[in-house]
Amino acid sequence: MIKKYRFGEPFETGAVLEQKKAEDAELTFFQVKQGEKLSFFKALEETDRIYGLGENVRGINKRGWIYKSECNDVPIHREDTRSLYGAHNFFVIEGKVKTGIFFDTPSAITFDMGYTEYGSILIESEEPDLDVYIIEGGSILDIVGEFRRIIGRSYIPPKWAFGYQQSRWGYRDEKDIREVVREHRSNHIPLDAVYMDIDYMESYKDFSIDKSRFPDLKGLVQEMKEEHIHLVPIIDAGVKIEPGYQVYEEGCEKGYFCKEEDGTEFVAGVWPGQVHFPDFLNPDAGRWFGEHYRCLLDCGIDGFWNDMNEPAIFYSQKRLEKVFAKFGAYQGENLDTHAFFKYLEAVNGLGGNSDDYKQFYHQTPMGRIRHDKVHNIYGYKMTEAAADAFKRYAPERRTLMFSRASYIGMHRCSGIWQGDNLSWWSHLLLNIQMMPSLNMCGFLYTGADIGGFGSDTTEDLLLRWLAFGIFTPLMRNHASAGTREQEVYRFGNQNAFRNIIGIRYGLIPYLYSEFVKCAGDNRMMFMPLSFVFGKDERTYDIEDQLLVGDSLMIAPVYTQNANGRFVYLPEDMVMVRMKSLKEKTLEKMKQGDHYIKVAADEVVFFIRKNKMLPLSCGGESINEIDENRFELLAGASWDSAYELYRDDGYSSEIREDGIIIVNIDKRGSVEMHGADVPEVKVLLAD
Ligand code: MIG
């Protein structure tokens, strides 16, 4: 059951689709106090666990740390970071009683989840206007399902977006792009997309193309399509201030940029130097910005990533000027420690300064509003503007879209990537642990920068990361400028890379089928074991194994120089060990603890009891996957069942008759129901 409680007059974020009447009664689940901030207090039971909060650091159980929803550009995030790129204010308290809670507010809110006092949680909202939703009844999966139902169906990307994708901030021109494609194709490493980072633009101007580096983008897109490669350009939030540049001129003329109190446009510094921020909270401005994606759609582009839309600010012009003035005063001085650190503080305080978010305003249907009060939905509204434009200009197909900043609600029109991580083993673990939290908040199409974005990767980290990444819907290798090159063909063990990525293509029909079913039924695709095996207390502590869809459990290796790891099986399962799609062994294993060896060039995962995995023969791009022929992997002498969903992967709707029901009985005979049943071969583990 869902109850909604209203405080003040909240700004409509768009997160919840179902318009529900607020309760007349007061919220009693929390002790509510209006002091300097609006606060919500709740004592916890010793054994309560807390799940959710989407994109955040630390483990799956969020108890014991303090998180702040305030979309932030944090390229070096660590265990003690409080805010990342998204704001996902939904969580579940799981204990003797189970309760789902969603704080719908576009401004900053802090979740002290047993940080100040392990025995209680304290939630503090900067603004007094917000809606609180309380969901009670049923299991944690029921609660998540109920929440997902009110926020609406998750975004479904085109099927090619499940292929392997290669990116790097540093591909400068069409020659670089062609080389990436050639290296993959000639080494038979599967690939479906290559990314265009900010260098394709002319002086980092949105919707411009640097002609000296991309003389014929339309031609290049066509050439790539023939190789079954999609090009995916980046779009940044800030619009360069440059007289004569059309987007800038139009935005000024129409009054579509964010303004300061006195009505002049707010000036920030980002990649292009000085920029204005489009006012995405003004629907007309959003529509106008969305129209500009057309120039790329018209070149045949069918995928985008929206960046820097927290919005990230390197400096605001006014603060920069103040700091310059300060510098002047320091010049020629003998800087003592105090003065020196003041100096440093001033410089370091230029980027992402929260006071800058108080300097500009939005013109919304609800009136003028200061940015900090709606900060957390800025990236969401940018991305929604793009997605609405795709519906207008490319209605016949799905367009790939994912964003860096996000708020719940954006999950209906876009995926996210998990921001700038680092080539750290701990960030591989973070990637694993973030998946279920994001799924709880509606974000199904997601993945991290495989291999790590910042700092230098190593061959073994990349191999292990890929061995996990083959399960994430977004599987993209991406790295920052200035770091070690990390396309897989740069490393020695070519066979291992080719085979691991090849395994992904065998799994795609299963992953896609699970993805679409989870979107359609408001379910999670990545779950901690405890969500399903809740009666088994051992599962409460397991934060490095996940259930992936209906049939699989994974237990990735995420430490360097490990030859294997301990795995806990909550029930009897089939262990699948693969060196490649062809070289694989199946073995039935008993419920309990096992030490499993996993070499760096292997993928090991588990098929649940009475479930099965339909495995395809793979391919070097999505279009090569034969969805009419499968191997069915399962345990011998079990009854196993699976519902396989298939569609063309491009048209916008879920196909009603796309499901095939597959059963294998104890003797190993197969029965299938549905239209166009595939050819199957059964592979059973004894
Ligand atoms: O300030 O476009 O997260 O993926 O490569 C860095 C350059 C700007 C941040 C994104 C990253 C991208 C990079 N961008």
Side-chain angles (χ1 to χ4, degrees), residues 17 141 145 148-149 151-163 192 228 302-303 387 390-391 394-401 411-413 415 439 442 444-445 471 473 504-526 547-552 607-608 610-619 621-634 639-665 669-683:
L17 278 187
L141 289 177
R148 292 267 305 278
R149 189 180 61 75
I151 61 172
R153 193 182 92 189
S154 299
Y155 165 73
I156 301 175
K159 197 185 281 174
W160 62 262
F162 285 76
D192 271 275
H228 304 292
D302 52 6
F390 306 154
K391 272 188 229 139
E396 71 292 350
R397 59 160 161 82
R398 304 176 207 154
T399 300
L400 172 62
M401 176 78 252
H411 71 286
R412 294 190 299 269
C413 64
N439 279 193
L444 295 186
Y445 189 74
F471 295 97
R504 161 73 167 202
Y505 283 71
L507 291 170
I508 283 174
Y510 169 76
L511 295 170
Y512 182 76
S513 160
E514 288 306 300
F515 185 97
V516 177
K517 286 188 294 172
C518 287
D521 304 339
N522 301 317
R523 284 188 290 116
M524 297 170 66
M525 183 169 166
F526 289 81
L547 299 167
V548 181
D550 195 46
S551 308
L552 302 186
I607 302 173
R608 289 175 57 191
N610 303 123
K611 310 277 184 184
M612 79 179 84
L613 172 67
L615 192 67
S616 87
C617 306
S621 63
I622 289 279
N623 68 296
E624 284 186 12
I625 297 176
D626 181 353
E627 297 212 346
N628 291 312
R629 271 176 54 218
F630 288 101
E631 266 179 338
L632 302 177
L633 279 53
D639 288 317
S640 304
Y642 187 65
E643 285 189 11
L644 176 68
Y645 174 80
R646 293 175 304 172
D647 65 17
D648 66 5
Y650 294 95
S651 36
S652 347
E653 291 306 319
I654 300 183
R655 205 180 118 192
E656 290 293 331
D657 61 347
I659 293 270
I660 306 270
I661 298 178
V662 190
N663 288 297
I664 305 177
D665 70 11
S669 48
V670 186
E671 236 186 76
M672 289 187 282
H673 304 280
D676 309 322
V677 294
E679 247 176 69
V680 296
K681 204 174 102 192
V682 179
L683 207 65

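Numbers for residues simply follow the sequence, beginning at 1. This one's a predicted model, so the numbers in the text were calculated from it and none came from an experiment.
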Return yes if some donor-acceptor pair links the side-chain N/O of His411 with the main-chain N/O of Ile151 below 3.5 Å, else return no.
yes
Which value, rounded to the nearest 0.5 Å, describes the distance between Asn522 atom CG and Ser154 atom OG?
7.0 Å
Quick one: does any side-chain atom of His228 pair with a main-chain N or O of Glu624 as donor and acceptor, under 3.5 Å?
no
For the residue pair Tyr510 and Tyr642, categorise the inter-ring angle as parallel (less than 30°), tilted (30 to 60°) or perpendicular (more than 60°).
tilted
Could you tell me whether Lys517 sits above the aromatic face of Tyr645, with NZ or CZ closer than 6.0 angstrom to the six-membered ring centre and within 45 degrees of the axis?
no
Atom pair SG/CG of Cys518 and Leu511 - distance to nearest 0.5 Å
10.5 Å
Those residues at least two apart in sequence (or on a different chain) that pass salt bridge (charged side-chain N to carboxylate O under 4.0 Å, His left out) with Asp302 are Lys225
Is it true that Glu627 and Lys159 have a side-chain N and a carboxylate O under 4.0 angstrom from each other?
yes
Is the backbone of Tyr650 close enough, under 3.5 Å, to the side chain of Asp648 for a donor and an acceptor to pair up by distance?
yes
Give the intermediate values and the outcome of side chain to side chain contact (heavy atoms under 4.5 Å, CB included) for residues Leu444 and Tyr155.
CA-CA 7 Å; Leu444 295 186; Tyr155 165 73; over 6 Å; no
Show me the donor-acceptor pairs within less than 3.5 Å that the side chains of residues 674-681 make with the rest of the protein, sequence neighbours left out.
none

Taking the side chain as every heavy atom from C-beta outward, state whether Asn663 and Asp639 have any atom pair closer than 4.5 Å.
no
Are Val662 and Met612 side-chain neighbours, meaning at least one heavy-atom pair lies under 4.5 Å?
yes
Test item: Asp647 side-chain N/O and Arg655 main-chain N/O as donor-acceptor pair under 3.5 Å
no
Of all residues at least two apart in sequence or in a different chain, which pass the side chain to side chain donor-acceptor pair (under 3.5 Å) check with Ser621?
Asn623
Can a donor-acceptor pair be found, under 3.5 Å and without considering hydrogens, that links the side chain of Arg523 to the backbone of Gly145?
no
Below 4.5 Å, heavy atoms only, C-beta onward: do Leu547 and Phe526 meet side chain to side chain?
no
Could you go step by step and tell me if Ile661 and Glu671 meet the side chain to side chain contact (heavy atoms under 4.5 Å, CB included) rule?
CA-CA 8 Å; Ile661 298 178; Glu671 236 186 76; over 6 Å; no
Sequence neighbours excluded, the answer for side chain to side chain donor-acceptor pair (under 3.5 Å) partners of Asn628 is Arg646
Heavy atoms, side chains only, cut-off 4.5 Å: are Leu613 and Leu632 in contact?
no
Distance check, rounded to the nearest 0.5 Å: Tyr512 atom OH versus Ile622 atom CD1?
9.5 Å
For residues Pro157 and Phe162, determine if any side-chain heavy atom of one lies less than 4.5 Å from a side-chain heavy atom of the other.
yes
Could you give me the CA-CA distance, side-chain angles and deciding distance for Arg398 and Ile156, then say whether side chain to side chain contact (heavy atoms under 4.5 Å, CB included) is met?
CA-CA 8 Å; Arg398 304 176 207 154; Ile156 301 175; 3.6 Å; yes
So does Glu396 have more than 12 non-hydrogen atoms from other groups sitting under 6.0 Å from CD?
yes
Among all residues two or more places apart in sequence or in another chain, which pass the salt bridge (charged side-chain N to carboxylate O under 4.0 Å, His left out) test with Arg608?
Glu571
Going by the rule side chain to side chain donor-acceptor pair (under 3.5 Å), which residues pair with Arg153 if we only count those two or more places apart in sequence or in a different chain?
none
Has the side chain of Ser616 got a donor or acceptor atom that lies under 3.5 Å from a matching backbone atom of Leu507?
no
Looking at side-chain heavy atoms only, is the closest gap between Phe471 and Leu552 below 4.5 Å?
yes
Counting N and O atoms only, with roles assigned by atom type, does the side chain of Tyr445 sit under 3.5 Å from a partner on the main chain of Met401, one being a donor and the other an acceptor?
no
Test Ile664 against Ser669 for side chain to side chain contact (heavy atoms under 4.5 Å, CB included), laying out the working first.
CA-CA 5 Å; Ile664 305 177; Ser669 48; over 6 Å; no
